[in-house]
Amino acid sequence: MRRYSSLILVLVLVLSFPGCMRHRSVRVSAANDSAKESSSSGSPNALSNFIQATLKISQENTAASEDALNQLHKRRPYLAELSSRVAANGTDIDSRRLLAEAYMDEGLLPYAFQMYQEIQSIKPDDSLAELGVARLWDRWGDYGLAYQHAERAVVLDPRSAEALEALGRVHLHRNQIDQALSAFLSAVEIKPQSASLLSNSGYLFLKRGDLQQARVYLERAVAADDSLVEARNNLGIVLARLGEPNHALEQFMAVNDPAAAFNNLGVVYLDQRRWNEAREAFRRAMVLDPGHKKAQTNLAEAEAHMPRPAIINLPPFKEKNDVAAAPKKSDSHKPILARAETSGSVTKRDSRISTAYKDALDRFRGRRYAEVIDILQWLLQQYPNDILASNCEYWIGESYFGLADYKRSYAAFKRVMLYSSSTKKNDALVMMKRASLKQRQNGRTTKA
C-alpha cells in the first residue's frame, strides 16, 4: 500500500504543478503527432494518460491484490528478494524488469505497471518498458493507449520482433487487419522461424480471404511447431475452403479428438452454406461422440437449412424373397445378390454394382451385418478395381465392428488405407483406433 500512496501523492503534485509533466509529454509525443501538438499547451495528452493509469491502478489495487502479491512472494522467494533489491536501489532496472514480467504472468497488472513506470523514470527511452506498458494497456482493453506505447517501442527499437508483434496485436484488436498484417510480416522478416508470428500472419491472410497466402504461412508455422493448435486448426479451415476436406481433417485431428475434428469440418461447411456436407460431418461427429453438445447444436442448424423432401411418407421397400427360406450355405451369396441385381431393370455393369452396393448399405442400416459382409465381399471378388472398392472395404470393417469382431474390423479398415485416392481414409483411420481400443479392452476383460 506504500507504493500506492506514493503514486496518489505524485498525482496530486502533478495536478498542482502541470509543468512537472513537460518532459514526459515530449516523450509520449514522439510516438504520436497529435500528442506533439498538445505538448505545447500544457501536455493534456500525457496528463490524461497518467490520470487514466492512476485510476486504473486504484480500481485494481485492492486488499485482495495485495494479498495475492504477498502469496506470490511466499511461493517464489526470489521475487521477494528482487522486491527488496528494488526498494533498496532506486536505479536497479534489471530487477524491476524481472519483477514486472513475473507480475504480468501472474495477472498482477497494477504492480507490473508500477515497475515499468519506475523503469521509464530511470531510463526514459527504454523500449522494453514501452513494450511492457503497451501489453498492459492491451490487456486492460484501452487499445488507443496500447497503440501509442507499442508504436513508441517500435520507434525506439525497429528491429524488435516482439514490439512489432505487440503493435500487430493492437491493430488486430482495433480491427485494422491490413495494419496488423503489415506489422506481423515485418516481425516475420526479423524472426522467420517464429511459429507464433507465422501462425498469426496466416490467420490474418485468412481473415482477408487470401487462402493461398494463408496456406503458405500456416504450413510454415506447422513446420516450425507441429503442436501449435491455432496453426493446425486455421490450416484445416483453409484446406477445407480450398476443397481439400481429407487434408483438412488431418490437420484438425492432429490437435483435436476425432469428434471435434469432424465438428470443425462441419463448421467450415456451415460457413460456406454447404448444408449437406455440414450435416454429414456433424453426424459423423455424433457417431464418434453421441454426447458432443456442439455437434448436436450444429447438426440442428444444418438440418434447419435443408430443403424439405419433395415426397414424404414413402412406404417401406418390400422384398419378394424376404419370407423365403434361408439359402443353403454353399449358395449364400447368390440369393442375396440376385435380389440386389434384379431389383428394377438392370442392364449395365455399373448399375449392377451401384444397386448391389446400395442394397448392402440398406442392410447395414438394418444391422444385418453378416449379409452386408457377404454382398460387399462378393463385389470385391467380382470388381476389385472398381471405384467403390475402398468403400466396400470400409463398410465391411463397419459391419465386423457391429458384430464385435474387432480384429477383422481392424484388418478391413487397414485395407482401406491401401487405396491412395479413397475418400474413406480418414474415417477408416478413426475406426482403426476404435477397433484397436476395443481389442485392448476385451483383452483386459479376458485376463480379469
Side-chain angles (χ1 to χ4, degrees), residues 26-38 45-46 49 101 104 116 120 125-226 228-242 251 268 271:
V26 174
R27 241 182 340 106
V28 174
S29 66
N32 192 300
D33 290 339
S34 62
K36 190 175 293 185
E37 297 174 1
S38 68
N45 185 66
N49 291 356
E101 292 171 357
M104 179 93 81
Y116 285 128
Q120 288 177 320
D125 292 334
D126 189 275
S127 62
L128 292 179
E130 290 287 348
L131 174 59
V133 174
R135 287 171 172 167
L136 280 165
W137 282 117
D138 189 47
R139 289 180 65 172
W140 273 328
D142 191 324
Y143 304 129
L145 281 175
Y147 168 76
Q148 288 183 29
H149 289 281
E151 190 182 46
R152 174 67 173 160
V154 172
V155 169
L156 291 171
D157 187 359
R159 296 293 298 171
S160 170
E162 291 77 13
L164 286 164
E165 181 180 19
L167 183 61
R169 289 184 183 277
V170 174
H171 279 308
L172 180 58
H173 292 154
R174 300 173 84 180
N175 202 32
Q176 298 169 332
I177 304 303
D178 291 342
Q179 295 93 321
L181 180 58
S182 177
F184 276 114
L185 291 178
S186 297
V188 168
E189 290 180 4
I190 299 169
K191 288 189 174 181
Q193 298 304 316
S194 170
S196 64
L197 291 175
L198 291 166
S199 177
N200 285 327
S201 299
Y203 169 71
L204 287 165
F205 275 119
L206 173 59
K207 285 185 70 69
R208 286 180 59 181
D210 191 340
L211 299 182
Q212 293 296 345
Q213 282 291 86
R215 180 176 190 169
V216 168
Y217 279 87
L218 290 169
E219 285 180 342
R220 286 175 61 186
V222 170
D225 182 359
D226 60 7
L228 197 59
V229 175
E230 295 82 0
R232 290 277 196 181
N233 281 332
N234 286 329
L235 180 56
I237 293 171
V238 169
L239 293 171
R241 290 185 180 178
L242 288 172
Q251 297 301 324
V268 179
D271 187 56

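Scope of the values below: all heavy atoms of this structure, side chains included, with no hydrogens, waters or symmetry mates.
Considering CG of L204 and CD of Q213, their distance stands at 12.5 Å, rounded to 0.5 Å. Taken from CG in D138 to CG in L145, the straight-line distance is 11.5 Å, to the nearest 0.5 Å. Of the inter-residue distances, the one linking Q193 atom CD with D225 atom CG reads 12.0 Å to the nearest 0.5 angstrom. Atom CG of L128 is separated from atom CD of E101 by 8.0 Å, given to the nearest 0.5 angstrom. Atoms OG and CD, on S194 and E165 in that order, are 6.5 Å from each other to the nearest 0.5 Å. A distance of 4.5 Å separates CG of L235 from CG of L239, quoted to the nearest 0.5 Å.
V216 is not listed as a side-chain neighbour of F205, based on a closest heavy-atom distance of 4.5 Å or more. D125 places none of its side-chain heavy atoms less than 4.5 Å from the side chain of E130. The closest side-chain heavy-atom distance from N234 to R232 is not below 4.5 Å. In this structure, Q251 and L218 have side chains that are not in contact, with every pair of non-hydrogen atoms separated by 4.5 Å or more. Between R152 and V133, the closest side-chain pair of non-hydrogen atoms is not below 4.5 Å. Proximity of L167 to Q179: side-chain heavy atoms (C-beta onward) are nowhere separated by under 4.5 Å. V170 is not listed as a side-chain neighbour of H149, based on a closest heavy-atom distance of 4.5 Å or more. Considering only heavy atoms from C-beta on, L172 comes within 4.5 Å of I177 through its side chain.
For R135 (side chain) and M104 (main-chain N/O), no donor-acceptor pair under 3.5 Å exists by modelled atom type. Judged purely by atom type and a 3.5 angstrom limit, S186 uses its side chain to pair as donor or acceptor with the backbone of S182.
The two atoms that bring A150 and A134 nearest to each other are N-CB, 3.4 Å, heavy atoms only. Heavy-atom minimum distance, A240 versus V268: CB-CG1, 3.6 Å. Between A214 and V238, the closest heavy-atom pair is CB-CG2, 3.9 Å. Of all heavy-atom pairs spanning S201 and L181, the tightest one is O-CD1, 3.8 Å. Looking at every heavy atom in both residues, A195 comes nearest to A221 through O-CB, 3.6 Å. Counting all heavy atoms, side chain and backbone alike, L131 lies closest to A166 at CD1-CB, 3.4 Å.
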Side chain to side chain contact (heavy atoms under 4.5 Å, CB included) assessment of L206 paired with R241: CA-CA 10 Å; L206 173 59; R241 290 185 180 178; 3.5 Å; yes
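Taking the charged nitrogens against the carboxylate oxygens, K191 and E162 do have a contact shorter than 4.0 Å, which makes a salt bridge.
Note: H171 and Y147 meet the aromatic proximity criterion, with ring centroids under 6.0 Å apart.
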